[in-house]
2 protein chains.
Amino acid sequence: MTTTLGYAVLGLLARRPHSGYEVAARMRTPIGYFWTASHAQIHGTLSKLVEAGLAAYTTEPGPGPYDKKMYTLTPAGRTELARWAASPPPAPQPRNEMLLRVYNGWLADPAAVVAMLDGEIARHRDTLGTYQELRAAFDANGTPDDPRSVRFADYATLLAGIGSEREELRWLKWLRDTLRAASDSDGAG
Amino acid sequence: MTTTLGYAVLGLLARRPHSGYEVAARMRTPIGYFWTASHAQIHGTLSKLVEAGLAAYTTEPGPGPYDKKMYTLTPAGRTELARWAASPPPAPQPRNEMLLRVYNGWLADPAAVVAMLDGEIARHRDTLGTYQELRAAFDANGTPDDPRSVRFADYATLLAGIGSEREELRWLKWLRDTLRAASDSDGAG
DNA sequence: GCGCACATGTAATTCGTTACATGATTAC
DNA sequence: GTAATCATGTAACGAATTACATGTGCGC
């Protein structure tokens, strides 16, 4: 009925009305943890959702030359989003630049690869830290347990993020330490 | 110097010469585990790699109306690929349809979500099984330990796959069991 | 005879990013 | 005054998929 981005946008509208600008902000955070889009793409997607009857808007005067539009979910949009949420996802098309680099790492200087991995480890540690703070905030207000609540849905995606960041870190550290040990004994031998 | 797909293709040529058709086959397996492309995209990319001096080809008569082309890596291609492999990857643009569904799962019937998760669990179990067979084959011939070897690079990407599939399964099962418990007590209450 | 593997190419379309364009209000 | 936030829109380009197009050789 719409594109995947369309469903991402509907998911925000299901929580509360948003302007296009607000949708773009949420596509950086928190949706940005699992879906991203530029504002140019979002405005076009919102128009198409309205055309398809899944969203509607009211206008208010905006600060610039265009009117501000507040978008809401229509009943048809809600039905369609609920249907989509429980439908089987297509097999993802993997695109992992990190693994592609490691696949070709045998051609490069191990010390250079170790430096690159150190950078990645730092980046993932940051991300994991952010997620853990968010989790602490959840837990402080009582761990969500009703699977029909918005809070539970948010919490479940957060736990996925924490798990995958931890696993990614574990693997990155194993690889870095293995490469470092091998290049050290190389230098010593 | 080229696109990410270009580096994926160069990575194959660094191992041995390939025809465009063979590159397409390897983009399904094993590169397909972390990068994918259709044959239409591959033929275009190969042309551009040749134009950029990173790959070269020799022609042989093909079975159909076009000549078969065997592509090899040039010295410039090898240098560029080694440089790229140790360069810091850009922050990935996350696109996870599964998480987007869970984010909206509070709108849907929990039993329908559980059924969808069961399907996903089966899919990941299959993938993990495949990876573990590949790993057993590696270990049977001695675990790779030289980080400058092609074998080690292949092995490292495989371990990443095993780790992430395991983690994904762990999370999927937690979510399914939690949803099932909640909808069971719902039906009983 | 039919389908599959081999082998390469083009065209149409969609998805997604980056850059360009306009302009008010608020904080430093 | 200058930058950031709010607010929406178009144009140009590149990345990626799907469909169309051609044709041999082999196994069933």
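In what follows, every chain begins at residue 1, and chains take the letters A, B, ... in the order their sequences are listed.
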Is Arg101(B) salt-bridged to Glu97(B), cutoff N-O under 4.0 Å? yes

Of all nucleotides in DNA chain D that come within under 4.0 Å of a heavy atom of chain B, which is furthest toward the 5' end and which toward the 3' end? dA15(D) to dT24(D)

Do any side-chain nitrogens or oxygens of Tyr21(B) fall under 4.0 Å of OP1 or OP2 in dC6(C)? yes

Taking atom types as modelled, is there a side-chain donor on Asn96(B) or Tyr103(B) under 3.5 Å from an acceptor on the other? no

Let me know, please, whether Arg95(B) or Pro63(B) comes out on the 5' side of the other along DNA chain C by nearest nucleotide. Pro63(B)

Between dC15(C) atom P and Gln93(A) atom CD, what is the distance in whole Å? 14 Å

So for the helix from dG1(C)-dC28(D) to dC28(C)-dG1(D), with five pairs setting each end axis, what is the inter-axis angle to 10°? 30°

Distance check: side-chain N/O of Gln41(A) vs OP1/OP2 of dT17(C), anything under 4.0 Å? yes

More 5' along DNA chain C: Ala25(B) or Tyr66(A), using each one's nearest nucleotide? Ala25(B)

Heavy-atom closest contact (Leu81(A) atom, Ala14(A) atom, distance): CD2-CB, 4.0 Å

Are Tyr21(A) and Leu5(A) joined in one hydrophobic group, where the rule is that I, L, V, M, F, W and Y side chains link up if heavy atoms are under 4.5 Å apart? no

Salt bridge (Lys or Arg N to Asp or Glu O under 4.0 Å) evaluation trace for Lys173(B) with Asp118(B): CA-CA 8 Å; Lys173(B) 285 179 190 164; Asp118(B) 278 334; over 6 Å; no

Can you check whether Leu175(A) reaches Phe152(B) side chain to side chain, under 4.5 Å on heavy atoms? yes

Distance check needed: dT10(C) C1' versus Lys48(B) NZ, whole Å only. 14 Å

Round to the nearest Å and state the distance from Met70(B) atom CE to dT8(C) atom P. 9 Å

Would you please test Arg180(B) and Asp177(B) for salt bridge (Lys or Arg N to Asp or Glu O under 4.0 Å) and show each step? CA-CA 5 Å; Arg180(B) 198 146 57 185; Asp177(B) 294 346; 3.6 Å; yes

Salt-bridge present (Asp145(B), Arg151(B); N to O < 4.0 Å): no

Contact class for Ser38(A) (heavy atom, under 4.0 Å): base, sugar-phosphate, or nothing? base

Rounding to a whole Å, what distance do you find between Ile42(A):CD1 and dT18(C):P? 13 Å

Crowded around Tyr57(B) OH? As in, over 12 foreign heavy atoms under 6.0 Å? no

